[in-house]
Number of protein chains: 2
Amino acid sequence: MSSKLFKQTLFDHLARVGKAVGQGHRLAMLEYLAQGERTVEALAGLTGLSVANTSKHLQQLRQSGLVFARKEGLYVHYRLSDPDVITLLGVIRRLAERHLGEVEALVNSYLLAKDAMEPLPREALLARMREGTVTVLDVRPPEEYAAGHLPRAFNIPLKELERRLHELPPGREVVAYCRGAYCVLSFEAVAWLREKGFIARRLEEGFPEWKLAAFPVENFLMEEIS
Amino acid sequence: MSSKLFKQTLFDHLARVGKAVGQGHRLAMLEYLAQGERTVEALAGLTGLSVANTSKHLQQLRQSGLVFARKEGLYVHYRLSDPDVITLLGVIRRLAERHLGEVEALVNSYLLAKDAMEPLPREALLARMREGTVTVLDVRPPEEYAAGHLPRAFNIPLKELERRLHELPPGREVVAYCRGAYCVLSFEAVAWLREKGFIARRLEEGFPEWKLAAFPVENFLMEEIS
DNA sequence: TTTATATTCAACTATCAAGTTGAATTCAAT
DNA sequence: ATTGAATTCAACTTGATAGTTGAATATAAA
């Protein structure tokens, strides 16, 4: 086999990974899977696609090596094959944010000015957690919280925030996080908390990235094989 | 704009980056561009594609934000827009190596057993360079060497290795590197050096990754704006 | 065994991407 | 101005991909 042919077939194989992340719906699925295992039906619901279509996309993801499937009874559970898939999504996001004007514009217009939420990098939050000078707030649904969350984080889903506001220690800065850099929940939580007089800001990225960076995590259920 | 629509348009934009790396020839071009600026003509020659086709691919890469173009006289010079593009290529490569059986098989069959070359990680090489217990050998063409190389590396392109073997200090371990993890030159250099009785191994990845990691680099020409 | 349910498969349509070819631009040099 | 060379554009062919629909599988429970 010639060097040229080798190179080309090699790159053609690598391109299968690229193709897999070359479609919006598949990226959305990967982002949901970054939270934990999901069945076909669940993903179809989350993405709004037909079950058959969802199934077909998941098989492409499987053939490109990005996800694994596990059958349990009637259900097939899909999960990320490798934590580096989260790295991949992160690099794509950063590149798009930096070089695709539309993305920056879209994010800033929809997310009420991304930077106004004073996003805090992981390392900084960890330091402040160790000092004990900050309240960490997880605004994801309880199932996702149960599958893993930041140490000593409060779990108050966005909808319940008003009702359960008294649970938060008053007078301490709050750092909210949820699923990822673009997860709307934490933006709204911060905006709302500020209205109520809290000092609040966002964690820059979400739980998957925190866990990927091998930062400390608490588990209640063992849904995840960390 | 609804959250669902926001998410979908956002992911559709991110998918443009994915699409860009979802085609073998474009991946090959990015890998060449990781070495430095190239004109359309040069890339067409390197990839074996027609100039028109090459030009079209490059424009896709530009629209996805991965490369910039600079016109100088008759020539248009393309270059990577962001060092993170090298990160992106690396993540794709690692994922494909770990999860696409074909890739592992292909690499191992063509590259005379990848692991037999005892690939040395960057950090280990740097440590040994500081100890002064190793000869670093750059087997790329002189132009690429001139645009940047590891400190105190010898530059002997593969073809001249036999003739210029005497330049290498005898009895010292040699670590060869070239353009990247799959760059054939360094594999052949190591195999050949071993035949001649040298203790030789490969740097795990290539020059672009070394530079990306902010490891020390020497420049003779200032072709690169590091 | 029958029934119900989650998933996958097969066939089909419509849209999009890769590649070719020849013409159109653009810029430098005569 | 005219020529020559590098690049891009436009039109076209061919093949691939996303999505729908209805049937086929596979598993658990009745």
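Just so we're on the same page: letters track the sequence lines, and every chain starts at 1.
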Calculate the interatomic distance between [X] atom [atom1] and [N] atom [atom2]; express it in whole Å.
| X | N | atom1 | atom2 | value |
| --- | --- | --- | --- | --- |
| A/Glu72 | C/dA6 | CD | C1' | 13 Å |
| A/His77 | C/dT7 | NE2 | P | 8 Å |
| B/Leu49 | C/dT20 | CG | C1' | 12 Å |

- Query: So A/Tyr177 and A/Glu204, side-chain contact (heavy atoms from CB on, under 4.5 Å) or not? Walk me through it.
  - Reply: CA-CA 8 Å; A/Tyr177 74 90; A/Glu204 195 170 46; over 6 Å; no
Output all residues satisfying ring pair (Phe, Tyr, Trp, His ring centres under 6.0 Å) with [X], sequence neighbours left out; order by chain, then residue number.
| X | value |
| --- | --- |
| A/Phe215 | A/Trp210 |
| A/Tyr32 | none |
| B/Phe154 | none |

- Query: When the nearest nucleotide of DNA chain D is assigned to A/Ala52 and to A/Gly73 on a heavy-atom basis, which residue is associated with the more 5' position?
  - Reply: A/Ala52
- Where along residues 53-67 of chain B does a heavy atom come under 4.0 Å from DNA chain C, residue by residue in number order? B/Asn53, B/Lys56, B/His57, B/Gln60
- Message: Show every salt bridge (Lys or Arg N to Asp or Glu O under 4.0 Å) that has at least one partner inside residues 3-27 of chain A, sequence neighbours left out.
- Response: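 The answer is A/Arg16-B/Glu102.
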- Message: Is the ring pair A/His149/A/Tyr145 parallel, tilted or perpendicular, if the boundaries are 30 and 60 degrees?
- Response: parallel
- Item | Pair A/Glu205, A/Tyr182: side-chain N/O donor-acceptor within cut-off below 3.5 Å | no
- Task: Kindly say if B/Ser50 contacts the phosphate of C/dT20, meaning a side-chain N or O under 4.0 Å from OP1 or OP2.
- Result: yes
- Message: I want to check one thing: is the phosphate of C/dT8, taken as OP1 and OP2, less than 4.0 Å away from some side-chain N or O of A/Tyr75?
- Response: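 The answer is no; no side-chain N or O of A/Tyr75 sits under 4.0 Å from OP1 or OP2.
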- Item | Lys/Arg-Asp/Glu bridge criterion (N-O < 4.0 Å) met for B/Arg94, B/Glu97 |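 Salt bridge: no.
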- C/dA18, C/dT5, C/dC27: which one has an atom nearest the side-chain heavy atoms of B/Gln23? C/dA18
- 5'-most to 3'-most nt of DNA chain D touching chain A (<4.0 Å, heavy-atom partner on protein side) reads D/dT17 to D/dA28
